[in-house]
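Notes to accompany the following structure.
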Amino acid sequence: MLSTPVGAIGSGIGGGVELTLNNIAQEMVRRGHSVTIVAPQGSIVKGIPVVEIAGEVQTPAQTQTRGEPIILPKNSVLANMWDYARQVQSDYDVIVNFAYDWLPLYLTPFFSTAIAHLISMGSLTDAMDSIIEQVASNFPQTIGVHTLSQSQTFPFADKCRCLANGMDISLYQFCSQPSDFLAWVGRIAPEKALEDAVAAAKITGIPLKIFGFKQNEQYWQDILQKYPDAPIIYRGFLPTEELQQELGQCRALLVTPRWVEAFGNVAIEALACGVPVIAYRRGGLTEIVKDGQTGFLVEPDSVDGLVNAIKRLDEIDRHACRQQAQTEYSQQAMGDRVEQWFRDILIGEEKNC
Ligand code: HBI
């Protein structure tokens, strides 16, 4: 399993894909498979051997413009990771790529071992769209995505395999009596539109706890300038155990994506703690939040929509939130989907979203 080249696993720079890789790896080990993770130096994964690779990290794809050429720095950690994979490929049945990058896709025909690509974001650049399309056409079944809405951002939606996502729900404690806080979890960057959640906190007067890696410091400063008296508390990037402890205490999680979220790991984490999710009706969240039952889907980019939904929170039964996470997004359910995906790739079986 080759990780994202944007940062070490555990740094938070890799956002949701760090969680996704960790959960899939743990579940495959639990099912008796032997798993090796290849990742940038400094990566830590509990209980699984990690081959740490040195080199320059890759520019985050979401900061690039659609027409941007592919950029590989000198001594690229991505290139070094895939050179290692080339050398050891015959020791493995399948190679799983978690990088949202051109190189692993381009290299696919050069490898003798099958490569399963888990595409972790929607369409961002023309160069990525075309190389993914090429692999989707020449290697049917090998392009995995999280949701239908993510696949629909690509012109080859019909060639994608929907996997949803999943996590170890037992790591998340159900909390029935929350304190008077709202929560926002994610990489602090423009595409995540934290400022809307801050605006909603200011209007409702309910303090907002903010968890996540400060990817864009300037963006953070701009928010503090724009909303100097909003009731916000920055809690930093917390490991799952501590995050779920505090997240569970909140009345709701606000999910305010400007872009099409491929999935919404943070929404599943909240549901697992019994926390209703108030999200823009956009991207993967529309396939997760059951409007009026486990949270609310509101008009995209509408702060008033967030505020009106916050006022209706008492309509939501927190047990229904936990129940949904347990049935649809458990590690076991995801493991079934992922294991079947690998099997279908190895026997050349066709199945899509
Ligand atoms: N950018 N170039 C690049 N490669 C990645 O693997 C990558 C990224 N940006 C964000 C990211 N991965 C993850 O945070 C998301 O896939 C969740």
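Remember, it's a predicted structure, so these values are computed and weren't measured experimentally. Ligands are counted one by one from 1 in listed order, and the atoms in each one are counted from 1 as well.
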Shortest protein heavy-atom distance from atom 11 (C) of ligand 1, along with the residue and atom involved
Met121 CE, 3.9 Å
Nearest-neighbour protein heavy atom for atom 4 (N) of ligand 1, which is reported as residue plus atom name and distance
Asp101 OD2, 2.7 Å
Any N/O pair Gly14/ligand 1 closer than 3.5 Å
yes
Pro5 N/O to ligand 1 N/O under 3.5 Å
no
Only heavy atoms of Ala99, strictly under 4.0 Å: list the atoms of ligand 1 that pass.
6 (O)
Can you sort out which atoms of ligand 1 are near Arg187, meaning under 4.0 Å from one of its heavy atoms?
14 (O)
Is the shortest distance from a Lys or Arg side-chain nitrogen in Arg235 or Glu242 to a carboxylate oxygen in the other one below 4.0 Å?
no
Quick check: closest heavy atoms across Leu171 and Glu241, and the distance to 0.1 Å?
O-OE1, 4.4 Å
Non-hydrogen atoms of Thr59 versus ligand 1: any pair closer than 4.0 Å?
yes
Does Gln64 have a heavy atom less than 4.0 Å from any atom of ligand 1?
no
Cation-pi between Lys290 and Phe296: NZ/CZ under 6.0 Å from ring centre and within 45° of the ring axis?
no
Can the positive tip of Lys209 be found less than 6.0 Å from the middle of the six-membered ring of Phe181, inside 45° of the ring normal?
yes
Could you name the option among Leu21, Leu103, Thr4 that has the heavy atom nearest to atom 12 (N) of ligand 1?
Thr4
